[in-house]
Amino acid sequence: MSGTGCKLHGYVNHFLSDSLETRHPYLEVPFEEFPAAASPPKPVFFRIFPNLRATLEKTELSDQKIQEALLILNDIASTQENKILMLNEELFELAAEATHRSELAAAEAISLLGSLCSLEKGRERLPKITSHIKAVLAGNSDFLKRRMGWCLNRVASSIDGREYLVKSGVCRTVVEGFCELVDKESLSEDGHHFLRLSLHVMREVLHDEESIFCFENTPVIKKIKKLLGVCRLQPRSFPGHVDIVKSLCIDCTANLCVSGDFRKQAVQVELIEELEPLLQLEDQAIQSLTARALAFISIDLEGKFNIIMLRNYAIIARAVTIFPSATDALFDNLSQLFFSLEENGSGFLAIIQHFLPYPKQMIELFGLKCLVPLFELIKRLPPAEKVISDKSAQSVEEVFAPIFLLMDQEDGVENVLGYLLEKTSKFVKFALPYVLIARSDSFVESILNLILFVAEYEEYNRKIFVETMNAHKNLTNEYFNTKIETQVAKIPELQKLI
């Protein structure tokens, strides 16, 4: 430029306030009728977008020139107004054409596409460039795949974008590329990032259950298990991102296992083996996602059995341990897992047994349903003679404590005793000897009152009570200095039945 008065061509400033300087707000015509406001001049780039479009249209230009033009567009694509102007100049389609250029030029082109896809108007043009997207995903450049992964994440953030990914087959291409990449012996840094971004896209698409067909007939469940194993054994493979990768894998697993076919696949590939260590972590967000995934897998009967029996009830034990301090999300997902596992008798018994140190939480979660396994646990208590010799009554009191809590509820006595009447003779036979080992009078009285109600119900029950008393009349607890006769005497009504 020559001279001292030259102006840059990029901007022309117009000041509407200059035209309205003398306008009185109450005496003049309404603002919208004011001549200068009817068609106010707008601040625009007069030349930059048409010139850059002309540059991108010149196929004979070098890759470096194309890269420079795209770099300028990316630098100014930070505002919605500029994005709209770019779309109006059809720069979206021209950027897609540039993806076959050099790696650096293609990377700038993909970045621009991702920026423009933040607008619905940009996403509407995606069907025109599907072949370019698939070509990048099928290519050998992890660098470009990483850029495309970022772009597709922008697309997947909206409902219409996810619909496009599913209908166009791009999602299927992402899934297949993910499966292939997991099997590679070594990955570049860009390859690891593309794996993470692919999981992001898959997770977003799976928000709609109807989109699950994109994953059918692929080994995606098997590959997710393998990737979780890598995260566990080689966490440095994803520096700074390993927890994110774990969360995405678990989330995808849960959403996939809404389908019965994928639940069966999860059982067949023993995915539960990789989920159990995740429940052992202290991160409650990962615990919550893991519990949700396990809850879906447990809908499958074999999956339910495997979850219960894995490493001597390891999943149940951990789930119960973290339940009392769970966040709302973790509480809900653990509850769903417990409700599914309780459908299996052995599973419910294991759950109640591990819940014994937390009787309040047990009652809040299961209510009267826990009476069945509790009675089974009473039958499995060690003989009173052995407990007396061990000088320990804690295990016994833990089994009875939930029953007493239930009786404190409204209509609790009727409900509890109504169940016990079905087990009358057995309850008296198993419960009576344990009044010798209780460490508190309230515990003893609670058991004896239960026995009293059962024994008074009919003559046969009274007979069982008397026989049990006679069988244990010589049983003494020297540690507590108690005898059964002494304990029963605390309830005069029960003493009269002897």
Side-chain angles (χ1 to χ4, degrees), residues 110 114 126 130-157 161-162 164-209 211-235 237-259 261-263 265-266 268-269 271 274-275 278 289 293:
I110 296 169
L126 282 168
T130 299
S131 60
H132 298 286
I133 295 174
K134 290 184 176 181
V136 173
L137 294 174
N140 296 320
S141 173
D142 288 346
F143 176 63
L144 292 182
K145 287 181 180 179
R146 176 180 176 179
R147 289 291 181 100
M148 186 58 75
W150 172 83
C151 175
L152 295 180
N153 267 275
R154 303 293 293 270
V155 175
S157 63
R162 292 194 289 271
Y164 160 75
L165 292 174
V166 172
K167 292 179 180 178
S168 65
V170 172
C171 179
R172 179 76 177 198
T173 305
V174 170
V175 175
E176 292 172 348
F178 165 80
C179 293
E180 293 175 4
L181 212 54
V182 171
D183 279 338
K184 285 191 174 182
E185 292 185 2
S186 62
L187 289 177
S188 63
E189 181 181 352
D190 289 319
H192 283 115
H193 280 287
F194 177 64
L195 272 179
R196 174 176 56 83
L197 293 167
S198 297
L199 283 166
H200 265 289
V201 173
M202 291 157 55
R203 192 263 311 267
E204 294 300 315
V205 169
L206 284 167
H207 284 163
D208 182 2
E209 292 182 21
S211 301
I212 206 168
F213 73 89
C214 296
F215 299 79
E216 292 176 350
N217 301 317
T218 68
V220 62
I221 287 287
K222 184 177 181 180
K223 303 309 176 186
I224 286 176
K225 181 200 173 185
K226 183 175 181 179
L227 188 54
L228 284 173
V230 172
C231 290
R232 177 170 54 86
L233 299 174
Q234 303 171 10
S237 300
F238 299 93
H241 299 287
V242 65
D243 287 340
I244 295 175
V245 173
K246 289 177 184 177
S247 297
L248 290 170
C249 284
I250 305 166
D251 214 358
C252 287
T253 297
N255 291 331
L256 284 167
C257 287
V258 171
S259 161
D261 290 338
F262 283 107
R263 285 198 292 270
Q265 288 183 39
Q268 290 169 359
V269 303
L271 181 57
E274 286 297 339
L275 292 177
L278 296 171
L289 291 172

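The figures here come from the full heavy-atom set of this structure, side chains too, leaving out hydrogens, waters and symmetry mates.
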What distance separates Leu206 CG from Asp251 CG, expressed to the nearest 0.5 Å?
8.5 Å
Tell me, yes or no, whether the heavy-atom count around Lys226 atom NZ, taken from other residues, nucleotides or ligands under 6.0 Å, exceeds 12.
yes
Distance from Ser247 atom OG to Asp243 atom CG, nearest 0.5 Å?
6.5 Å
Gap separating the NZ atom of Lys246 from the CD1 atom of Ile250, nearest 0.5 angstrom
8.0 Å
Check salt bridge (charged side-chain N to carboxylate O under 4.0 Å, His left out) between Arg263 and all other residues, then give those that pass, not counting sequence neighbours.
none
Between Leu227 and Cys249, the two heavy atoms sitting closest are CD2-SG, 3.7 Å
Shortest non-hydrogen separation from Ile110 to Cys151 and the atoms involved:
CG2-CB, 4.0 Å
Leu195 and its side chain to side chain contact (heavy atoms under 4.5 Å, CB included) partner, picked from Val245, Asp142, Leu187
Leu187
For a 4.5 angstrom cut-off between non-hydrogen side-chain atoms, does Phe178 reach Met202?
yes
Looking at every heavy atom in both Phe215 and Phe262, which two are closest together, and how far apart are they?
O-CZ, 3.4 Å
Please examine the side chains of Leu152 and Tyr164, heavy atoms only from C-beta on, and report whether any two atoms are closer than 4.5 Å.
no
CZ of Phe194 to OG of Ser141, rounded to nearest 0.5 Å, is 11.0 Å
For His200 versus Asn153, what's the shortest heavy-atom pair and its separation?
CB-OD1, 2.9 Å
Rounded to the nearest 0.5 Å, how far apart are NE2 of His193 and NE2 of His241?
4.5 Å
Minimum heavy-atom separation for Ala293 and Thr253, please, with both atom names.
CB-CG2, 4.3 Å
Hey, does the side chain of Lys223 reach the backbone of Val175 with a donor-acceptor pair shorter than 3.5 angstrom?
no
Hey, are the side chains of Arg147 and Val136 touching, using non-hydrogen atoms and a 4.5 Å cut-off?
no
Could you check if a side-chain atom of Leu228 sits within less than 4.5 angstrom of a side-chain atom of Leu275, using non-hydrogen atoms only?
yes
Ser211 side chain vs His207 backbone, donor-acceptor pair below 3.5 Å:
no
Hey, does Ile224 have a side-chain heavy atom less than 4.5 Å from the side chain of Leu256?
yes
Nearest 0.5 Å please: distance from the CG atom of Leu126 over to the NE2 atom of His132.
12.0 Å
Ignoring hydrogens and geometry, is there a side-chain-to-backbone donor-acceptor pair from Arg162 to Ala156 under 3.5 Å?
yes
Could you check if a side-chain atom of Arg172 sits within less than 4.5 angstrom of a side-chain atom of Asn217, using non-hydrogen atoms only?
yes
Side-chain heavy atoms of Thr130 within contact of Ile133, under 4.5 Å
no
Short side-chain to backbone donor-acceptor contact, Lys225 and Val269, under 3.5 Å:
yes
Taking only Lys NZ, Arg NE, NH1 and NH2, and the carboxylate oxygens of Asp or Glu, determine whether Glu180 and Lys184 approach each other closer than 4.0 Å.
no
Tell me, do Lys222 and Val182 make a side-chain contact under 4.5 Å, heavy atoms counted?
no
Closest heavy-atom pair and its distance - Cys214, Val166
SG-CG1, 3.6 Å
Looking at Lys145 and Asp190, is any side-chain nitrogen of the basic one under 4.0 Å from a carboxylate oxygen of the acidic one?
no
